[in-house]
Participant: 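Quick one: the structure is below, questions incoming.
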Amino acid sequence: MISSFLQKRRMKGWDTATCADYAQAYQQFGGSVLSHPDVLQAIEAIVDLPIQYYAFEQAGKVQAVVPVWKKYIAGSKLALKKLSKKGLVDFGNAELILPISAKTQLELPLKADNLSQLHAVNISNSIPTNTAICLSKPPSDFSKKFRYNRKRELRLLEEQGGEVKSIDKLSNDELVDTYIRLFELRWGFKPKAYQRLAELLLHLRPLLFGSYLELEGRAIAFQLIYKAECDSHISMEYVNGGVDPAFSALSPGSVLTYINTQQAWALSGSTAKNLRYSFGKADNEYKDRWCSQSAIYSV
């Protein structure tokens, strides 16, 4: 992508940067799954849109680095749609956290959607929307009865022969086949961007997180979750999942959500890092039992 006069004018006050500069800023200032350097490079390769990086300085120090496609934040759902690349990759309605210092305030000269509430402080031209994302509640927010019921569901499933297995036990092909099969069983159609998922995982397999449920030698519940870490926090994005309705009496979806969120909060505790475990937009009642809502912004 060649810098044009309009691009230079749009990014006035920002200097060109490298992918390495961006990765350093990500670790220092923070980010989310969608803005992780490896995720951006994977998206770049699949959609064939080279990313430019721009840095913002104050008092001689870098305060932000952002990934750019023309007038959009690269990798964002909005950008993919506007640049006719919709449907090639799917990260759901992912929370977008950019590597911008919390100690600075700037105007973002780019369009972006699903911006985290964290940016209400440091992006002065961000605008609140009438929607929210759902972030996993910490275990302490659940009642004793809620925790007891989830443990009971897990025990009943295990008594029927169900097993909890790490996704690390699945090859990329097995993982993709499992996700597509269970998603289609649950919803009656295939998940978004399933055609390129195997290719995406060639880049992002190290970022996958979680467990799946197996019964009678086959997976009965699976959730596609990505994990990214920076110095300050852990970001997780639960993109989507599927369950086999034949086993609905055993509540496999509820059991797996309980297991994966418990594992995530345990990791948060062991690393002493904050956790932002996103379930995407607040568009389904079941999310309310697991999550609290967090406002999202746009530019």
Side-chain angles (χ1 to χ4, degrees), residues 1 17-54 64-69 72-83 85-100 110-116 118-119 133 135 167 172 175-176 179 191-210 223-241 260 264 267 273 275-281 296:
M1 187 182 296
T18 65
C19 184
D21 295 329
Y22 180 81
Q24 182 177 350
Y26 184 97
Q27 283 300 319
Q28 181 180 359
F29 302 134
S32 56
V33 166
L34 191 59
S35 61
H36 189 278
D38 292 348
V39 172
L40 287 175
Q41 289 180 50
I43 294 174
E44 178 183 50
I46 289 174
V47 306
D48 193 27
L49 282 176
I51 296 173
Q52 293 177 294
Y53 298 93
Y54 285 88
V65 184
V66 295
V68 179
W69 282 335
Y72 304 100
I73 288 292
S76 66
K77 195 170 185 179
L78 175 65
L80 290 167
K81 179 181 179 181
K82 295 295 185 180
L83 299 175
K85 299 293 183 177
K86 183 179 178 182
L88 295 178
V89 294
D90 181 34
F91 288 88
N93 291 296
E95 179 184 38
L96 179 59
I97 304 173
L98 296 169
I100 300 173
L110 301 159
K111 294 187 177 183
D113 61 342
N114 288 349
L115 278 169
S116 171
L118 298 175
H119 288 310
I133 60 164
L135 296 178
I167 59 165
N172 278 5
L175 192 149
V176 171
Y179 176 48
K192 293 179 181 178
Y194 72 92
Q195 301 95 329
R196 306 294 290 272
L197 182 57
E199 183 181 351
L200 187 66
L201 294 184
L202 290 176
H203 299 274
L204 299 184
R205 183 61 194 257
L207 299 186
L208 286 184
F209 175 85
Q223 295 176 343
L224 185 63
I225 304 167
Y226 294 99
K227 172 180 72 71
E229 291 191 49
C230 55
D231 289 346
S232 59
H233 64 266
I234 299 170
S235 170
M236 294 193 188
E237 198 65 48
Y238 170 21
V239 177
N240 224 315
N260 282 334
L267 178 62
K273 291 183 178 182
L275 175 66
R276 298 185 72 84
Y277 188 131
S278 168
F279 279 57
K281 280 190 178 179
I296 55 175

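Throughout, numbering of the chain's residues begins at 1 and tracks the sequence.
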Participant: For Arg205, enumerate each residue passing the salt bridge (Lys or Arg N to Asp or Glu O under 4.0 Å) test, keeping only those at least two apart in sequence or located in another chain.
Facilitator: none
Participant: Can you establish whether the number of heavy atoms outside Lys86 located under 6.0 Å from its atom NZ is more than 12?
Facilitator: no
Participant: First locate atom CG of Leu207, then atom NZ of Lys227, and finally report the distance between them rounded to the nearest 0.5 Å.
Facilitator: 7.5 Å
Participant: Calculate, to the nearest 0.5 Å, the distance between atoms CE and CG belonging to Met236 and Leu267 respectively.
Facilitator: 5.0 Å
Participant: Side-chain atoms of residues 22-30: list all donor-acceptor pairs with protein atoms under 3.5 Å, sequence neighbours left out, distances to 0.1 Å.
Facilitator:
{"unit_1": "Tyr22", "atom_1": "OH", "unit_2": "Ser35", "atom_2": "O", "d": "2.6"}
{"unit_1": "Tyr26", "atom_1": "OH", "unit_2": "Ser32", "atom_2": "O", "d": "2.8"}
{"unit_1": "Gln27", "atom_1": "NE2", "unit_2": "Glu229", "atom_2": "O", "d": "3.2"}

Participant: Check Ile296 against Lys281 and note the closest heavy-atom contact, atom names and distance.
Facilitator: CD1-CE, 4.1 Å
Participant: Asp21: what forms a side chain to side chain donor-acceptor pair (under 3.5 Å) with it, not counting sequence neighbours?
Facilitator: Thr18
Participant: Does Trp69 use its side chain to pair, donor to acceptor, with the backbone of Ala79 at less than 3.5 Å?
Facilitator: no
Participant: Going by the rule ring pair (Phe, Tyr, Trp, His ring centres under 6.0 Å), which residues pair with Phe91 if we only count those two or more places apart in sequence or in a different chain?
Facilitator: Tyr226
Participant: Within a radius of less than 6.0 Å around NZ of Lys192, do more than 12 heavy atoms belonging to other residues, nucleotides or ligands occur?
Facilitator: no
Participant: Go through the structure and list residues passing side chain to side chain donor-acceptor pair (under 3.5 Å) with His119, not counting sequence neighbours.
Facilitator: Asn122
Participant: Of all heavy-atom pairs between Ala42 and Leu200, which one has the smallest distance, and what is that distance?
Facilitator: CB-CD1, 3.9 Å
Participant: How far apart are the closest heavy atoms of Arg196 and Glu199, and which atoms are they?
Facilitator: NE-OE1, 2.8 Å
Participant: Just jot down the side chain to side chain contact (heavy atoms under 4.5 Å, CB included) partners of Ala64, sequence neighbours excluded, or say none.
Facilitator: Trp14, Phe56, Ile100, Leu106
Participant: Within the distance-only criterion (no hydrogens, no angle test), does the side chain of Ser235 pair as donor or acceptor with the backbone N or O of Val33 below 3.5 angstrom?
Facilitator: yes
Participant: Given side chains that start at C-beta, do those of Asn240 and Pro191 come closer than 4.5 Å, heavy atoms only?
Facilitator: no
Participant: Taking side chain as C-beta onward, heavy atoms only, is Leu80 less than 4.5 Å from Leu88?
Facilitator: no
Participant: With sequence neighbours excluded, what pairs up with Asn260 under the side chain to side chain contact (heavy atoms under 4.5 Å, CB included) test?
Facilitator: Ser211, Gln223, Ile225, Leu256, Gln263, Tyr277
Participant: If the condition is side chain to side chain contact (heavy atoms under 4.5 Å, CB included), which residues does Leu118 pass it with, not counting sequence neighbours?
Facilitator: Ile97, Ser116, Arg276
Participant: Quick one: list whatever passes side chain to side chain contact (heavy atoms under 4.5 Å, CB included) with Ser232, sequence neighbours left out.
Facilitator: Cys230
Participant: Check side chain to side chain donor-acceptor pair (under 3.5 Å) between Asn93 and all other residues, then give those that pass, not counting sequence neighbours.
Facilitator: Lys77
Participant: With a 4.5 Å limit on heavy-atom distance, are the side chains of Leu98 and Leu115 in contact?
Facilitator: yes
